[in-house]
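Both ligands and their constituent atoms are indexed starting at 1 by order of listing. We number each residue from 1, following the sequence as shown.
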Amino acid sequence: MSDSRHLVVVGASLAGLRAIEAARADGFDGRITLIGAEPHLPYDRPPLSKAYLDELPVGQEPESTVFRSEQMLTDDLNVEVLLGVPASGLDTAARVVSLSDGRVVDYDLLVIATGADARRLPGTDNLAGVHTLRTLDDAVAVRAALDAGARTVIIGAGFIGSEIASGAHKRGLSPVLIEALPTPLVRAVGEEMGAELAALHTRNGIDLRCGVPVASIEGNGHVERVVLADGSEIPADLVVVGAGAIPGTAWLEGSGLTVDNGVVCDENMWTGIDGIYAAGDVARWHNATFDRPMRLEHWTSAAEQGAIAARNALNPSTPKPYATVPYFWSDWYDVRIQFVGSTNADEIVVVEDLDTDGRLVALYREGDRLGGVLTVNGQTEIMKYRGQILKRASFVDAVEFAEKRKAARANASRETVPTPS
Ligand code: FAD
């Protein structure tokens, strides 16, 4: 007999898609409805600030980042897809989601996967040429401006701002990258390593200005200049604001769900209200691996949480917790930056550094444990440290492990150096 429950997923992106796929993989054959605010099929965001911005021969379009065709969604996964229509409200007593066009959708089980929206700078909404980079439409607009050789100013030297600076630089443009704080990325990797990563920009000849807030963005209909608090003026045709993201919870106001920097969930991604789970960038859940609440804006956790939220919604009496060691990556210039764990560091030990070793491996100590690891060009290393954090390795053991790997690598490269005959 088929399952008569109706699973509704709000948010048609990574976490929402993974929720649907997991529900079907789990054998759920009931009705599924996917509601998305954007008119697009679910698509992948990381490429939007990377390969999507690359310069291409005239007439060539960047590769689509859509995850699944419409046919796969509707026929293979048997999902009713409602796109271009944001959810505007939730009534948990009546078990209905209201849509902005006046329709209502009833549900038995609900997965909230509404992600996050880019933070905008006040007063810039009517100034053409000022963008954020969160959606495909944003990326299309930024790409077009770069194609036109725009004088580019990027506000915010976080990961996305840095990737855009790198993309503009690859095209031969000379972007100006502005950061209000004295050091970029302090929240993401700590002060010391934020400075280390910022050096990648200066090494590539980028005009990086730190510790100077923006005073105003000016222009007559279209942006013309960015004025900084120190009075300097930077001419601009394109301004991209990379000032972080805000969880997409506005539509949940008055619903009774607990919202506090995201939808608050327990370790099973459950909101505490019957049948309602959350996943991805919008969810703030209890991560048992670190025994604290976290809200991540990382691809890997969004995908994994989507699957767990759906499975737990379908099987509430046997829930599985989502406990993880957070992981993200970012690509700038010709390097890959990766981070695992938490940046709550009491001390950071740099075992390998870019200048002398060609890669960076930095270990973060939290108490007497390994809490996090940052690598640059450490693709062969990073997951080993994720395993170490998961098994709660002591910091002393982790440093020893890292030193051994460094020595082994040095030996291997000595052996491959040809001896003169
Ligand atoms: P989102 O992808 O934000 O999707 C949420 C969806 O819900 C959106 O389509 C939104 O329109 C929709 N929505 C919002 N409100 C409503 C509503 N009321 N009703 C219906 N639908 C709604 N992570 C990494 O680890 N590495 C990277 O290199 C990396 N690069 C990135 C580059 C860019 C440009 C961006 C934007 C993100 C990047 N990320 C990266 C982060 C990663 O893409 C996100 O963590 C991931 O997309 C989160 O997925 P999500 O489904 O939770 O939310």
Provide the closest heavy-atom pair for Val241 versus Arg119 in the form atom of the first, atom of the second, distance.
->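 Distance-wise, the nearest heavy atoms are CG1-O, 4.0 Å.
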Looking at ligand 1, does Lys50 have a heavy atom less than 4.0 Å from it?
->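 Lys50: in contact with ligand 1 (<4.0 Å).
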May I ask you to check if Arg18 and Phe67 form a cation-pi contact, with NZ or CZ under 6.0 angstrom from the six-membered ring centre and within 45° of the axis?
->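 Yes - Arg18 lies over the ring of Phe67, closer than 6.0 Å to its centre and within 45° of its axis.
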Would you mind checking if Arg203 and Asp355 are paired as a salt bridge, meaning a charged N to carboxylate O distance below 4.0 Å?
->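 So Asp355 pairs with Arg203 through a salt bridge.
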Can you sort out which atoms of ligand 1 are near Ala113, meaning under 4.0 Å from one of its heavy atoms?
->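 Counting from 1, the qualifying ligand atoms are 5 (C), 6 (C), 7 (O).
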Considering only the protein, which heavy-atom contact is closest to atom 44 (C) of ligand 1, and what is its distance?
->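 Its nearest protein heavy-atom neighbour is Asp281 OD2, 3.4 Å.
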Geometric class of the Tyr364/Phe339 ring pair [parallel <30°, tilted 30-60°, perpendicular >60°] =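 The arrangement is perpendicular - the two ring planes meet at more than 60°.
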Heavy atoms, side chains only, cut-off 4.5 Å: are Leu127 and Ile217 in contact?
->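 Yes. Closest side-chain heavy atoms under 4.5 Å.
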Tell me which one of Glu38, Arg18, Glu163, Gln338 gets a heavy atom nearest to atom 9 (O) of ligand 1.
->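 Among Glu38, Arg18, Glu163, Gln338, the closest heavy atom to atom 9 (O) of ligand 1 comes from Glu38.
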Among protein heavy atoms, which lies nearest atom 41 (C) of ligand 1, and at what distance?
->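 Checked against all protein heavy atoms, atom 41 (C) of ligand 1 sits closest to Glu297 O, 3.6 Å.
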Test item: Arg295 side-chain N/O and Asp281 main-chain N/O as donor-acceptor pair under 3.5 Å =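 Yes; at least one donor-acceptor contact below 3.5 Å.
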Ile35: numbered ligand 1 atoms lying under 4.0 Å from its heavy atoms |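 Those qualifying, in numeric order: 20 (C), 21 (N).
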Can you establish whether the number of heavy atoms outside Gln71 located under 6.0 Å from its atom CD is more than 12?
->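 Counting neighbours around CD of Gln71, 12 or fewer heavy atoms of other residues, nucleotides or ligands fall under 6.0 Å, so no.
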Close-contact set for ligand 1 against Gly280 heavy atoms, below 4.0 Å |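 Within the 4.0 Å cut-off of Gly280, ligand 1 contributes 52 (O).
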Just let me know how Arg45 lines up against ligand 1, side chain, backbone, both or neither, with a heavy-atom cut-off below 4.0 Å.
->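 Answer for Arg45: both.
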Less than 6.0 Å separating the ring centroids of His201 and Trp332?
->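 Ring centroids of His201 and Trp332 are less than 6.0 Å from each other.
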Nearest non-hydrogen protein atom, atom 53 (O) of ligand 1 |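 Result for atom 53 (O) of ligand 1: Gly115 CA, 3.2 Å.
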Would you call Asp147 and Arg143 a salt bridge, using N to O less than 4.0 angstrom?
->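 Salt bridge flag = yes for Arg143 with Asp147.
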Identity and distance of the protein heavy atom lying nearest atom 3 (O) of ligand 1 |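 Of every protein heavy atom, Arg134 NH2, 2.7 Å lies nearest to atom 3 (O) of ligand 1.
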Check: Arg386 main-chain N/O paired with Tyr327 side-chain donor or acceptor under 3.5 Å =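 No: the side chain of Tyr327 does not pair with the backbone of Arg386.
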To the nearest 0.1 Å, how far is atom 31 (C) of ligand 1 from its closest protein heavy atom, and which atom is that?
->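 Protein heavy atom with the smallest distance to atom 31 (C) of ligand 1: Pro46 CA, 3.5 Å.
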Atom 21 (N) of ligand 1: the protein heavy-atom neighbour that sits closest, reported with distance to 0.1 Å |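 For atom 21 (N) of ligand 1, the nearest protein heavy atom is Ala37 N, 3.0 Å.
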Nearest 0.5 Å please: distance from the OG atom of Ser64 over to the CG atom of Leu41.
->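 Ser64 OG to Leu41 CG: 8.5 Å, rounded to 0.5 Å.
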Using atom types as modelled and distance alone, determine if a side-chain donor or acceptor of Asp26 lies under 3.5 Å from a backbone N or O of Ala22.
->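 Checked: no pair found.
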Part of Ile160 within contact of ligand 1 (heavy atoms, under 4.0 Å) |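 Near ligand 1, Ile160 shows its side chain, while the N, CA, C and O stay back.
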Could you tell me the residue and atom name of the protein heavy atom closest to atom 16 (C) of ligand 1, and the distance to it rounded to 0.1 Å?
->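 Ranking protein heavy atoms by distance from atom 16 (C) of ligand 1, first comes Thr114 CG2, 3.3 Å.
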Approximate separation, where rounding is to 0.5 Å, of Ile164 CD1 and Leu133 CG |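 The CD1 atom of Ile164 sits 4.5 Å away from the CG atom of Leu133.
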Distance filter under 4.0 Å to Leu133 heavy atoms, resulting ligand 1 atoms |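 Answer for ligand 1: 34 (C), 36 (C).
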Which atoms of ligand 1 are found less than 4.0 Å from any heavy atom of Leu14?
->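 This gives 49 (O), 51 (O) as the contact atoms.
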Say whether Gly248 and ligand 1 are in contact under the criterion: heavy-atom distance to a ligand atom below 4.0 Å.
->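 The answer is no: ligand 1 sits nowhere under 4.0 Å from a heavy atom of Gly248.
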Quick one: does Val85 get an N or O within less than 3.5 Å of an N or O on ligand 1?
->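 Among all N and O atoms of Val85, none is under 3.5 Å from an N or O of ligand 1.
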Option whose closest heavy atom lies nearest to atom 7 (O) of ligand 1, chosen from Gly11, Ser13, Ala302 =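 Looking at heavy atoms only, Gly11 sits closest to atom 7 (O) of ligand 1.
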Separation of Arg134 CZ from Arg120 CZ (nearest 0.5 Å) |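 With rounding to 0.5 Å, CZ (Arg120) is 11.5 Å from CZ (Arg134).
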Taking heavy atoms and a distance under 4.0 Å, where does Ala116 meet ligand 1: side chain, backbone, both or neither?
->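 The part of Ala116 near ligand 1 is the backbone, not the side chain.
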Which is closest to atom 26 (N) of ligand 1 in terms of heavy atoms, Phe328, Trp299, Trp329?
->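 Among Phe328, Trp299, Trp329, the closest heavy atom to atom 26 (N) of ligand 1 belongs to Trp329.
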Between Asp331 and ligand 1, find which residue part has any heavy-atom pair under 4.0 Å and reply side chain, backbone, both or neither.
->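 Asp331 to ligand 1: no contact under 4.0 Å from either part.
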Go through ligand 1 atom by atom and flag the ones less than 4.0 Å from a non-hydrogen atom of Val10.
->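 Those atoms are 19 (N), 20 (C).
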What is the closest protein heavy atom to atom 18 (N) of ligand 1, and at what distance does it sit?
->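 Of every protein heavy atom, Ala87 O, 3.0 Å lies nearest to atom 18 (N) of ligand 1.
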Are Tyr322 and Trp285 an aromatic pair by the rule of ring centers under 6.0 Å?
->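 Here the rings of Trp285 and Tyr322 have centres that are less than 6.0 Å from each other.
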From Ser49, Ala19, Gly89 - option closest to atom 32 (C) of ligand 1 by heavy atom |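 Among Ser49, Ala19, Gly89, the closest heavy atom to atom 32 (C) of ligand 1 comes from Ser49.
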